[in-house]
Amino acid sequence: MNLMENIRLAWEGLRANKMRALLTMLGIIIGIASVIGILTVGNGLSDTVTETMGSLGASNIMVSLQEREDEYLANTMMGGEIEEENLITEEMIEALQERFPYQISGVSLSESVGAGQAKSGRDYANVTISGVNTDYLDVNSIDLIRGRDFQDRDMDGNRNVAVVSDKLVNNMFDGNIEEALGQEVVVHIGDEIYAFNIIGVYEYEASAMGYSTASEKNIQTALYIPVTTAKKLADAPEGYRNFTISASSADNSAVFATQASDFLNRYYSNNNDYRVMAISMETMLDSMDSIMSTINIALSVIAGISLLVGGIGVMNIMLVSVTERTREIGTRKALGATNGNIRIQFVVESMIVCLIGGVIGIILGTLLGYVGSSLMGAVAFPSVSSIALAVGFSLAIGIFFGYYPANKAAMLDPIEALRYE
Amino acid sequence: MAETKKPIIQMKGIVKRFYIGAPNELEILHGIDVSVWEGEFVAIVGASGSGKSTLMNIIGALDRATEGSYMLDDVVIEKAKDIELSQIRNQKIGFVFQNFNLIPRTNALKNVELPMMYAGISQRERTRRAKELLKMVGMEERMYHQPNELSGGQKQRVAIARAMANDPAIILADEPTGALDSRTGRMVMDLFHKLNKEQGKTIVLITHSNELAKETGRILTMKDGILYGDGEVTVV
């Protein structure tokens with residue numbers, strides 16, 4: 001007997017009990033569909049995250065001060081005030097740039113002034129005021145639509161100039177960018193009122209990682225001013241707790257991050273409280289990737305449990321089927337079927353149930369993944385490898401859960417089986 | 001007769017015991033010696049409980065004897081492995097059962113093809129021979145019918161065609177007319193006679209009906225685990 005004959009035989013066995021075969025398949029269908037769906041949505045999500053972080057600059061290196069006993073970067077980023085004598089000074093940054101002229105293409109510095117509202121008559125726009133240096137917009141991939149970037153003379157002169165978002169222009173100047181340039185924008189932060197001349201307009205891009213429920217009208221965008229002006233306005237200490245280096249090349253940026261932090265830490269060798277930490281975007285991407293894949297695996301394992309339940313369902317039905325067809329098995333044996341013939345017949349039957357279930361599950365899972373990932377804004381399809389894995393896995397379930405019932409059938413005593421009522 | 005024909009079944013001292021938990025054991029067959037010759041039509045009769053079915057299972061290579069030797073068409077059965085017994089059943093024996101035992105939801109043609117499928121015969125040859133056999137039993141017009149669309153007599157004729165599929169050494173028929181009315185039962189018996197006379201097929205008929213037994217060439221009577229011969233009994 002060849003394989004085709006076994007498949008035909010098993011197919012006939014299944015056709016005899018269509019409803020039952022379908023219900024048995026359902027377990028496998030749901031299991032495979034959920035695994036494929038989850039993997040697809042997970043893929044879409046991690047693609048989005050990688051893309052977003054990549055667009056911030058794959059070659060960027062984040063440098064920050066960190067408390068010595070504190071192992072977590074986040075704490076320092078969120079933490080309270082750091083005394084002025086501990087901050088990274090401009091001299092250190094300049095020294096770093098002189099030491100590594102070829103590796104560094106830019107250094108972005110920023111100083112937050114606060115969140116407030118730009119007002120003009122009845123028009124308003126929500127903003128956060130950030131003081132930035134001349135490299136900032138470049139390093140952070142912020143695209144100017146019109147006007148100019150900050151220049152050294154803005155910095156040196158502590159000028160009250162601003163680069164605003166196109167959203168702000170929409171809200172306050174009816175979207176007329178030409179008209180907005182050169183105009184004054186008045187920002188209220190608490191009781192303070194600041195006025196800046198608009199020198200440039202940048203294109204606002206929503207962050208894929210942050211989720212805002214604010215309407216278009218109330219959306220909060222950054223309003224950039226020279227960092228020197230910001231320091232003065234906020235009465236901030238000289239120096240920085242963090243800054244971003246744009247490496248000339250994304251290759252080996254992780255290595256350069258280590259060199260940069262080693263260089264800066266020489267200034268902190270006698271500092272008992274703080275040290276400098278530098279993380280390349282590459283490293284962050286890697287760790288983000290591994291977090292995403294861990295989540296993916298965890299979810300898949302949960303979906304896999306439903307596959308296991310489906311497999312047990314297959315086994316259950318196969319056992320019922322063997323009992324029901326005891327006489328048939330006896331007859332086949334009397335006609336010359338070997339134990340192996342009988343075993344193969346039932347294993348193939350179970351494999352076919354699982355394979356068809358698997359294929360339907362893949363189609364359904366792809367659909368689910370497509371809908372799910374579109375809802376999250378990143379259309380994704382299951383990878384070929386995950387489809388191959390799903391097919392292989394459903395076949396394996398068929399063999400694994402079909403073998404015991406098939407073996408039970410194969411080992412039936414033909415005399416007993418023929419006598420079975 | 002004995003000089004020209006070879007023995008198909010040769011049994012010597014066949015004993016069958018069932019162990020139903022030590023120290024109890026139940027001896028069903030107490031030493032059966034019998035030979036059946038090529039082309040014979042033999043009836044084995046006996047009341048229920050006489051050991052008739054047990055003997056049939058041993059003849060049909062579905063079961064092994066506890067003691068004694070059994071040769072079927074020059075093959076020593078007691079030494080055969082399970083897989084060899086499957087082959088022997090497939091090649092040497094054609095079973096005809098009281099309740100037909102056709103495979104449900106499988107048409108007459110496929111049922112007849114089944115023993116040939118297990119024998120590894122090609123699909124084309126299988127179909128050709130199955131059609132030929134169904135024609136022989138007068139079922140060629142019903143070959144695409146499923147068992148539940150056939151009458152009892154028709155089912156049994158398909159079963160006989162199936163038994164003939166691999167041209168076996170013997171046809172072993174266990175109460176083949178037991179589930180049929182007398183008219184269709186007659187047709188089935190006539191078919192056996194035809195196979196015996198025209199094709200020289202060796203047939204072993206197991207029945208409790210003396211009437212049917214008398215039609216055959218030789219009657220063997222089972223009683224309390226011992227086989228008594230009559231007519232052309234050949235004591236080995």
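Quick note on labels: first sequence line is chain A, next is B, and so on, each numbered from 1.
Among Gln123(B), Lys110(B), Gln87(B), the residue with the largest count of heavy-atom pairs under 4.5 Å with chain A is Lys110(B). Counting heavy-atom pairs closer than 4.5 Å to chain A, the top residue among Ile93(B), Asn90(B), Ile88(B), Asp63(B) is Asn90(B). No other option in Ala16(A), Gly340(A), Pro414(A), Ala337(A) has as many heavy-atom pairs under 4.5 Å with chain B as Ala337(A). Interface check for chain A: of the options Asp82(B), Leu85(B), Asn99(B), the most heavy-atom pairs under 4.5 Å are formed by Asn99(B). In terms of heavy-atom pairs under 4.5 angstrom with chain B, the leader among Arg332(A), Glu12(A), Lys333(A), Glu328(A) is Arg332(A).
The distance from atom CG of Leu335(A) to atom OH of Tyr118(B), rounded to the nearest 0.5 Å, is 8.0 Å. Here the CD-CZ distance, from Glu5(A) to Arg126(B), works out to 4.0 Å after rounding to the nearest 0.5 Å. Taken from CD1 in Ile342(A) to OG in Ser86(B), the straight-line distance is 9.0 Å, to the nearest 0.5 Å. We find the CD1-CG distance between Ile83(B) and Asn341(A) to be 8.0 Å, quoted to the nearest 0.5 Å. Here the straight-line distance linking atom OG1 of Thr331(A) with atom CZ of Phe95(B) works out to 10.5 Å at 0.5 Å rounding. Atom-to-atom distance recorded for Ile103(B):CD1 and Arg327(A):CZ is 10.5 Å, nearest 0.5 angstrom.
When the shell of 6.0 Å around NE2 of His145(B) is examined, it contains more than 12 heavy atoms from other residues, nucleotides or ligands. Surrounding CE of Met4(A) are at most 12 heavy atoms belonging to other residues, nucleotides or ligands under 6.0 Å away. Counting heavy-atom neighbours within 6.0 Å of Phe393(A) CZ, excluding the residue itself, gives a total of 12 or less. With a 6.0 Å radius and a threshold of 12 heavy atoms from other residues, nucleotides or ligands, Asp289(A) has its CG atom above the threshold.
Residue Arg15(A): no heavy atom, backbone or side chain, is found under 4.5 Å from chain B. Neither the backbone nor the side chain of Pro168(B) comes within contact range of chain A; no heavy atoms are under 4.5 Å apart.
For Ile415(A) against Leu62(B), the heavy-atom pair with the smallest separation is CD1-O, 3.7 Å. The shortest non-hydrogen separation linking Arg89(B) to Ala334(A) is CB-O, 3.5 Å.
Every residue was checked against the side chain to side chain contact (heavy atoms under 4.5 Å, CB included) condition with Asp286(A), not counting sequence neighbours, and none meets it. Phe401(A) meets the ring-ring contact (aromatic ring centres under 6.0 Å, His included) test with no other residue; sequence neighbours excluded.
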